[in-house]
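Written below as structure tokens is the structure these notes are about.
Order of appearance sets the numbers: ligands from 1, and atoms from 1 within every ligand.
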Amino acid sequence: MTGIRIHPESTPEQSDISQGHAGSYHGGMSAQPPLRIDRQRLLDRLAELSAVGGIEGTTGSSRLAFTDADRAGRGLVVTWMRDLGLEVSIDAIGNVVAVRPGTEDLPPVMTGSHIDTVRTGGRYDGNLGVLAGLEVVETLAAADITTRHPLAVAFFSNEEGARFAPDMMGSLVYVGGMGVEEAHDTVGIDGVTAGSELERIGYLGSMPCPGPAPHAFVELHIEQGPVLEEAGVQIGVVEGVQGISWTEITIEGQSNHAGTTPMRLRHDAGLVAAEITTWVRRLANEIGHPQVATVGAIDLHPNLVNVVAATAVLTVDLRNTDEATLQQAEQALRIELDRFAKAEGVRISTRSLARFEPVDFSPTVADLIDQTATDFGLSTMRMPSGAGHDAQMLARVCPTAMIFTPSRDGISHNPAEHTDPDDLEAGANVLLQVLRDLADGAAV
Ligand code: GLV
Ligand code: MN
Ligand code: MN
């Protein structure tokens, strides 16, 4: 890593921050020396939350949305919110919003992310954004500073979409992009509905959806890819999120005896699932960067050694920053499915699980992040996000942008996910100053 570090042990008077980078610190709206979050407190909370649903022998967690582990993680974070004296509300899709009042009765500046994880989740994905938000609040409280706008720290339900599609479900419902009933009726990979599970874990809240639009939204998140680390840059200034297309494909063939059925008589759903899997890799290679394509789940039935598979259900995840190219990839998939079905004599049907167009964030908020990080002596890079985020939904209703911190070896959705504590701290300090400036009236 290159660039100037924020040294937690130095006082504001001694630090690179208050001296300004080449004397250029813009001072924000508050025109006061910047505050710093408590690095150890942030690391301790990240560790404590990761132990909830912790995956043995790793630093990662398994808290699929609306499971018992999700409930336990929620309980811990809500306790921290209440301990900070925040006013906590829960809405009809289980989003939790904690508010610290401002000096004026204005719409809040909001930060946050999610605390659900994929089944093999890391310690930082989502959790960093929520717990850094609590750090911001606690740091301001300790300094006895009240911002003009209230500050809100939120965690949105089911961001991952790994159990109930689509991803970003809670924030999508929050901004009115999906009805609450439709979200509740979503059937998960284990056959139960999101609404029944939400009720079971005690998070079917009373606040109506859609929720009130914040004044602005800023989300801190780990990059989850290799770009910042490879470039040796500390802060990613996220200008938007690429488009996401998730399709569930069901292949119906014919189960038959693996020993007696001649190859010419087979209608093998397993074979077609494999062909689709290799084809999507070729598709991404042919389109080229930034197209990505993944078959992440395959379910075969009856899934036995000596039986030709009767059915296969698999998922295809296609993403691109360019909407037209993403549509071309989707069209190519449709044509190829038709070809595979005819060639093997199987029936193929599809169901869209998620479809989000690429999103552009607010250039004004992105500029503020960039300027703040630069003033802090941190190196920055403008970039799109490869992963989906709650911020892409909030961008529909208020000026929004994101701050990225590097991910070691670009690994995420894996318990080995790691971000250097210096980078976590730097990202949280940028978040603190940006939120403070926005809440004190920086232009959006
Ligand atoms: C959410 O993490 C996604 O990008 O799939
Ligand atoms: Mn995330
Ligand atoms: Mn994730």
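- Between the side chains of D317 and T294, no donor-acceptor pair of N or O atoms lies under 3.5 Å.
- For a heavy-atom separation below 4.0 Å, the residues in contact with ligand 1 are E159, E160, D167, W246, R319, A387, G388, H413.
- Aromatic pair H389/F361: ring centres not closer than 6.0 Å.
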Evaluate the side chain to side chain donor-acceptor pair (under 3.5 Å) criterion for residues N429 and Q433: first the C-alpha distance (whole Å), next the side-chain angles of each, then the deciding distance (0.1 Å), finally the verdict.
CA-CA 6 Å; N429 277 319; Q433 187 62 47; over 6 Å; no
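- Closest non-hydrogen pair, S157 versus N95, comes out as N-OD1, 2.8 Å.
- Taking the centre and axis of the six-membered ring of F66, the NZ or CZ atom of R163 falls outside the cone set by 45° and 6.0 Å.
- Screening D125, D390, D167 for a side chain to side chain donor-acceptor pair (under 3.5 Å) involving H114 leaves a single residue, D125.
- Within the protein, the number of N/O/S atoms found under 2.8 Å from the Mn ion (ligand 2) is 3.
- Checked for salt-bridge contact, R334 and D338 miss the test: no charged N lies under 4.0 Å from a carboxylate O.
- With contacts defined as side-chain heavy-atom distances shorter than 4.5 Å, the pair T193/D185 does not qualify.
- The side-chain heavy atoms of W246 and R319, taken from C-beta on, include a pair separated by under 4.5 Å.
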